[in-house]
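Worksheet for the structure shown next.
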Amino acid sequence: MSDVAVVTIEADPSPMALILAATLRRAARTPKLAASLTSAKGSVALKSTVDPQAATMRFGDGRAHVTSGVAADADVVIEVDVNRMSDPDAPKPKVSGAARHPKLALAVAKLLEPPHGSWQEEAREFWVFASSHPGCPLGLRVVSIDTGSEATFGEAPPDYELHGTDHALVTLFTGGSVLGQELLDGKLCAVGSLRHTAELTGRSLAWMLGGQ
Amino acid sequence: MDAGAVPAWLDEHDVRWVRTESVSLDGFLIGKHLSPNKFAKGLPLGNAITELVLGYDIGGTPYLAWWDDWRRDALGDFHQRPDLSTLVMVPDRPHTAAVLCDLVGVDGEELPVCPRSLLRRVVGRLGDQGFTAQAAFEIEGMIFAESVIDARRKHFKGLTPLSLPTGLGYLHQNSREQLAFLDEALARCEALGIFVEGWHDEAAPGQFEINLDPTDPITACDHVVRTKQVLREVAAEQGHIVTFAAKPTDAYGNGLHVHHSLRQDGEPVFYAPDGTMSQTTRHWIGGLMATMPGATSLLCPTINSYRRMIGWAAAPTVASWAEDNKSTALRVLSRSPGAARIEDRVAAADANPYLVLAAVLGGGLAGLEKAIDPPPPLAVAGWGLPAGWPHLPNTITRAADALANDALLHAQLGDAFCDYWVNTRRWEWLMYHTTGGEPVATGVTQWELDRYFEVV
């Protein structure tokens, strides 16, 4: 069974529902987490502490189904600052219902933080997704300001560059952030045209929402 | 008037400022106040204006999650090319003139996403096929006693309608409360060359409806955007606030119904005295029906537009047509040679009239070009129908998906326009969810009131 089939989503979903579904699908690519997902039973809601965004994951029959909002019968509710979830110093989430459903809470906590590769590996996967889109740069150079290591994808010489910490790069390339916002926040720097920045921002947003 | 005659006209009218008026994707009047000398020197191309006027959302956030070939790499300028046939004096400002403008590129090239230019292209193709169209809009809005500042303080909730607090409609007692507002506004419209067939109190508290005279499609839309501007200005001057949000309260929403008729060789195409429609009319309706789900994205552009589209609330909810049936999306009126027309009742008051009419006329044209037969007319009430009926898209994303997949409208309106519009609607959905909109909402949210109440 594919990760897509294991995780289903409501019709006309909200962004948070899409993001959660994408995260669960990413987790399901890891055998251990896939087993955890298919054996989980119950419902877990993720609720933003900074705005009304919320979504509920319902586990059972070897599947997960994601809907918008907090289900009235959610077994576990996780409240989190959605704008800072990827930050190294992100505030600790507030979890209710974990005492009654410890196994479910623990399983979902792991599912929502699937393992990732190095920023170079994640960048390669992102590039495969993004580079086929019309308007994207033909080549991409990525530079870590932590180590000075770099990677180049596509045609040489690359017509777009991204510079950032290992953490900022891996967050972007795993769909944990959106390029435009990271540039505005100063977490990443870029060398390239506005056209390419916009197109790559759109691609990073689509990547975050599950690759549509 | 040609460009050479403009300086003398400006002198003659003692003009100190020329207000250039283009139309944004959201249907807003946008432009500058120029000195007469600056305005005249810029002709015929017109003054420069940042390309961002077609590149930001209703909340002022630039669309920077995709790009388009008509945009310049370094955020350059467009030009506001004046349509000098629309140059008028602004009635309440003695030394100010106003002129409607198309947005064009730096070399005067047409932009695929300028709403006025888009409609002109559709009307041109209609003309190429030997047809002329006329159109007339019904503008619905709501007037409240509070000033703009007080309404903001109240977050646009619990406002005092200029009418009985219960909705009745057509009640002259309510009209009386709105007289000072509408008398002044419609007098200014008349001075701008905008004439109305009539107006009346409508069914929601504070709601009114203005029926504009039929005219050619471009002028009909010009009259809508200028009338809305006048209504806003007069309301503000009288210490009130007016809104054209599709659903500003829990009462009936505001629509922007549009009537259109066709003539070929001087004869009314939709006229069917014995009830037998011509093949042209059938195909026209067939095109409108086939494109209705995709056109909904243009006719109902905001998150709030879809709050209006619920059963038994006067707005259509299924793709449907019938002779003189106000519960259908298309109300066909074919029995009078002087008034044979089709009323499209889908559009919300927050829609851009140029895009509405481009979608409607483009849909009809598609029907003619592809010889599309319509489904049977709806023989039942169009509201409250169960699953299995051709329900219109009921969210901004579903409508955007329908337009994205509508090859007929893409052919009529152009890929560049349709792709850009679909992106902007998906962006609006994203803004709703990520800047404070309720994820599961059935009624009007505070986010919608904050974003749309004053500006659409």
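Below, all heavy atoms of this structure are taken into account, side chains as well, without hydrogens, waters or symmetry copies. Numbered from 1 within each chain, the chains take letters A, B, ... in sequence-line order.
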>> Quick one, A/E155 with A/R141, criterion salt bridge (charged side-chain N to carboxylate O under 4.0 Å, His left out). Give me CA distance, side-chain angles, the key distance, then yes/no.
In response: CA-CA 10 Å; A/E155 293 182 11; A/R141 176 174 175 247; over 6 Å; no
Partner chain B: residue of [options] with the largest heavy-atom pair count (under 4.5 Å):
options	answer
A/S48, A/G135, A/P15	A/P15
A/G69, A/S68, A/S14	A/S14
A/T67, A/L205, A/D12, A/V82	A/D12

Contacting region of [X] [heavy-atom separation from chain A under 4.5 Å]:
X	result
B/R72	neither
B/N423	neither
B/T434	both

Judged by modelled atom types alone, do [X] and [Y] share a side-chain donor-acceptor pair under 3.5 Å?
X	Y	result
B/T302	B/S305	yes
B/S297	B/W421	yes
B/E110	B/S117	no

>> So for A/L194, is it side chain, backbone, both, or neither that comes closer than 4.5 Å to the heavy atoms of chain B?
In response: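 It is both, since atoms from each part get that close.
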>> Heavy-atom cut-off 4.5 Å, strictly under: side chain, backbone, both or neither for A/A11 against chain B?
In response: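 When you check distances to chain B, atoms from both the backbone and side chain of A/A11 fall under 4.5 Å.
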> Relative to each other, are the rings of B/W70 and B/F78 parallel, tilted or perpendicular (30° and 60° limits)?
Replying inline: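 Tilted, since the angle between the ring planes falls between 30° and 60°.
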> Aromatic rings B/F156 and B/F453: how do their planes relate, parallel, tilted or perpendicular, breaks at 30° and 60°?
Replying inline: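 It falls in the parallel class, under 30°.
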